[in-house]
**Student:** 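Below is a structure I'd like to ask you about.
Chain identifiers are assigned alphabetically (A, B, ...) following the order of the sequence lines, protein sequences preceding nucleic acid strands; residue numbering begins at 1 within each chain. Owing to the predicted nature of the structure, the values given are computational and were not obtained by experimental measurement.
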Amino acid sequence: MQEGSEMSARPHLLLVDDEAAIREPLGQYLQRQGFRVSEAPNAAEARKILAGSAIELVILDVMMPGEDGLSLCRSIREQGDLPVILLTARTEETDRIVGLEMGADDYVLKPFSPRELVARIKTILRRSGATGPREVQSAAAIYRFEGWTLRADDWTLTGEDDVAIPLSTADFRLLQAFVTHPRQVLSRDQLLDLTQGREAHAFDRSIDNQISRLRRKIEDDARSPNLIKTVWGGGYMFSADVTRE
Amino acid sequence: MTIGLRTFTGWLRPRTLAGQTILVVAASLFLVQLIGFIVYYATQRNQWFTVAAAPGVIRILEVLDPRDRDEDTDRSRLRGVLLTRQAPPMIGQSEPDIATRADELFRTAGLRPLLVRAAINERQPRRLSQLLHPGQKGNSSPRIQVQLSVQLRPDQWITVFSRAAPIDQPILRRVLMQTLFVYGIVLMPLVWFTSRLAAPLRALTAATTRVGTPKGAAPVPEVGPDDVRQLANAFNAMQDRIRSMLEEKDHMLGAIGHDLRTPLTALRVRVETAVDGADRDRMVATIVDMQKMLDDILSLARVGRESEPAQRVDLAALAHAAIDDFEDTGAPVERGDMSRTVVMVHPRAIRRALTNLIENAVKYGHRATVSLRVEGQNAILAVADEGPGIPGDRMEDMLQPFTRLEASRSRDTGGTGLGLAIVRAVASAEAGWLRLSNRPEGGLLAELALPLAR
């Protein structure tokens, strides 16, 4: 009835949270934002809904009695490519790391802004399919390329002299986008998408400005770059082999 | 040279328990050895007087012996014996000790000489090398000529010459060898014992410096003598209590964080879905403030409890990165002098601290200027602003949690009052310090010092 003819246009979300005080108003809000929402108070209910309907994205609370969100997230990931956003109240790094290693696509910290959550949902739905197989950007990952080590947990780039160079938020996100897509041409739009902040962080600088700032930090000669190459008419390409730990 | 000397005198004055104990025992032992050898040497010398005096005394007694006298024996008997009326010249160095001993021997034999004189004449002066290494030279040890002159009657002197071996004891070497031997016997067990005593104390010291750090201290091994063992035992018990208190605190803060976040989230979702307009924005802002305060409380509680080890970090790059972040949001932040300076820190904690300082400067001081310099063993990050500064008597208060200047308590500028407390906690966790001062040209200057990496 409510779904009717627009069904295909309204993405079907599954919201899993044991707190009715959050789940119910959030469900209403998401419906008003144009999503079709199924709600589950626990992992068992969630599994039933997942088995019975074509869910396109799962919003999952980490802390739940019984089977917790991380465990459910892992089993969803084992079964397929369904995007997951974790809701977490804990800021401990270990949780972020575990959450993303479990295959979550994103996470929001409570108390989050419902508007921000909607923005994330839209980004992920747009991204899935667009950028192909997802590269999970783990908060604990260590990437190595050309004598450099990029540590995702404290946003530092370490050179061969073993001295860490902390990166700005924008520089880090840009470089992380590159090292997770080595030897691929990335358009400015794709880079914008990949570097979009977790927090609503407006970057004044254009991608081009950010690229030249980053080049000054990692290139031997920023005027003839070896690592981040400009591709005519296409965008940019990271032209080094990256190993991930 | 001076360093060598200092090391040497330092070595002579050890500071450790083991070193001092060993030094005292070694010094006492050496003294005892020395006394022993002085006594021994005196005895040896005394004996040598007898040995040196005896042949001469026997010769003289033979000459004077009235029994079995005949011409032949008389002649041979008098060979090498000098009879004079006057006191004969003494050849060599006078030796009253030998004379006294000879006199005693004569008296024992029933002779009562009026005067006894003795002298020794060493052909070769004895050298230190011979004392240390006797027998090293090919020839036999030098013999000493002993002259013994006895006045039997006022006008009758009788003189004989005999030879004696010198005291041929390698005195010094024996002193050294025996001392070393005794040291071996006494000091080895002492070294073992004191290290057994000192090792638990050192472990205790090392553990004490780690109490309250993220990893905490490993339990101290309970070894050594009973009293030391009890100390280690008491320390371990204390450490367990501290650890469980810290864990309880973390657990409680985590629970507060979680339990408050859930209703805050529910509130925010309800506010954003149910309320419209300016009221909603104000309510959301309040919720965001509460969230920030929760985050700050949790950060303050976790300062210094990083699980990662410290790394070598270029502080200038860190400052540039933090400034870049502010510039990207359009905040008025300027760069002062900054050149590559390597420190050993947790970059995330330092970045958080610097961000707090810049945030304060921008919020209360209109504009932040960040600079970096090296002073002695410290790198100093300075954040200057152009605001009103802080009254001198409130400086220290400002570092306490939840303290704000009255003027800044208003809604639009008021922070959580935890920013500077977090900076100071980070500074001390990284072995540095935070100092606030008013700049002469106006505005506040916040300086964060961190030790340079070695």
**Student:** Taking all non-hydrogen atoms of both residues, which atom of B/Leu448 and which atom of B/Ala427 are closest, and how far apart?
**Tutor:**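 So the minimum-distance heavy-atom pair works out to CD1-CB, 3.4 Å.
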**Student:** Looking at every non-hydrogen atom in both residues, tell me the closest pair between B/Leu452 and B/Gly376 and how far apart they are.
**Tutor:**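 Looking at all heavy atoms of both residues, the shortest contact is CD1-O, 3.9 Å.
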**Student:** At a heavy-atom separation under 4.5 Å, does B/Val342 approach chain A through its side chain, its backbone, both, or neither?
**Tutor:**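 Side chain only.
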**Student:** Side chain, backbone, both or neither: which part of A/Arg23 has an atom under 4.5 Å from a heavy atom of chain B?
**Tutor:**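 It is neither, since no heavy atom gets under 4.5 Å.
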**Student:** Students often mix this up, so state it plainly: with edges at 30° and 60°, are the rings of A/Trp155 and A/Phe172 parallel, tilted or perpendicular?
**Tutor:**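 If you compare the ring of A/Trp155 with that of A/Phe172, the planes turn out parallel.
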**Student:** Please determine, among B/Ala319, B/Ala316, B/Ala266, B/Ala322, the option with the most heavy-atom pairs under 4.5 Å with chain A.
**Tutor:**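 Of the candidates given, the most pairs with chain A belong to B/Ala266.
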**Student:** Less than 4.5 Å to any heavy atom of chain B: does that hold for the side chain of A/Ile165, its backbone, both, or neither?
**Tutor:**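 Both the backbone and the side chain of A/Ile165 come within 4.5 Å of chain B.
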**Student:** Which atoms of A/Asp171 come close to chain B, meaning under 4.5 Å heavy atom to heavy atom: side chain ones, backbone ones, both, or neither?
**Tutor:**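 Contact with chain B involves the side chain of A/Asp171 alone.
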**Student:** Name the option with the most non-hydrogen atom pairs under 4.5 Å to chain A; the candidates are B/Met344, B/Gln311, B/Met290.
**Tutor:**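 The answer is B/Gln311.
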**Student:** Would you name the heavy atoms of B/Ala361 and B/Ala368 that are closest together and state the gap between them?
**Tutor:**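 B/Ala361 and B/Ala368 have their closest heavy atoms at CB-CB, 3.6 Å.
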**Student:** Kindly determine whether A/Thr230 and A/Arg215 satisfy side chain to side chain donor-acceptor pair (under 3.5 Å), including the steps that lead there.
**Tutor:** CA-CA 11 Å; A/Thr230 310; A/Arg215 275 176 176 161; 2.8 Å; yes
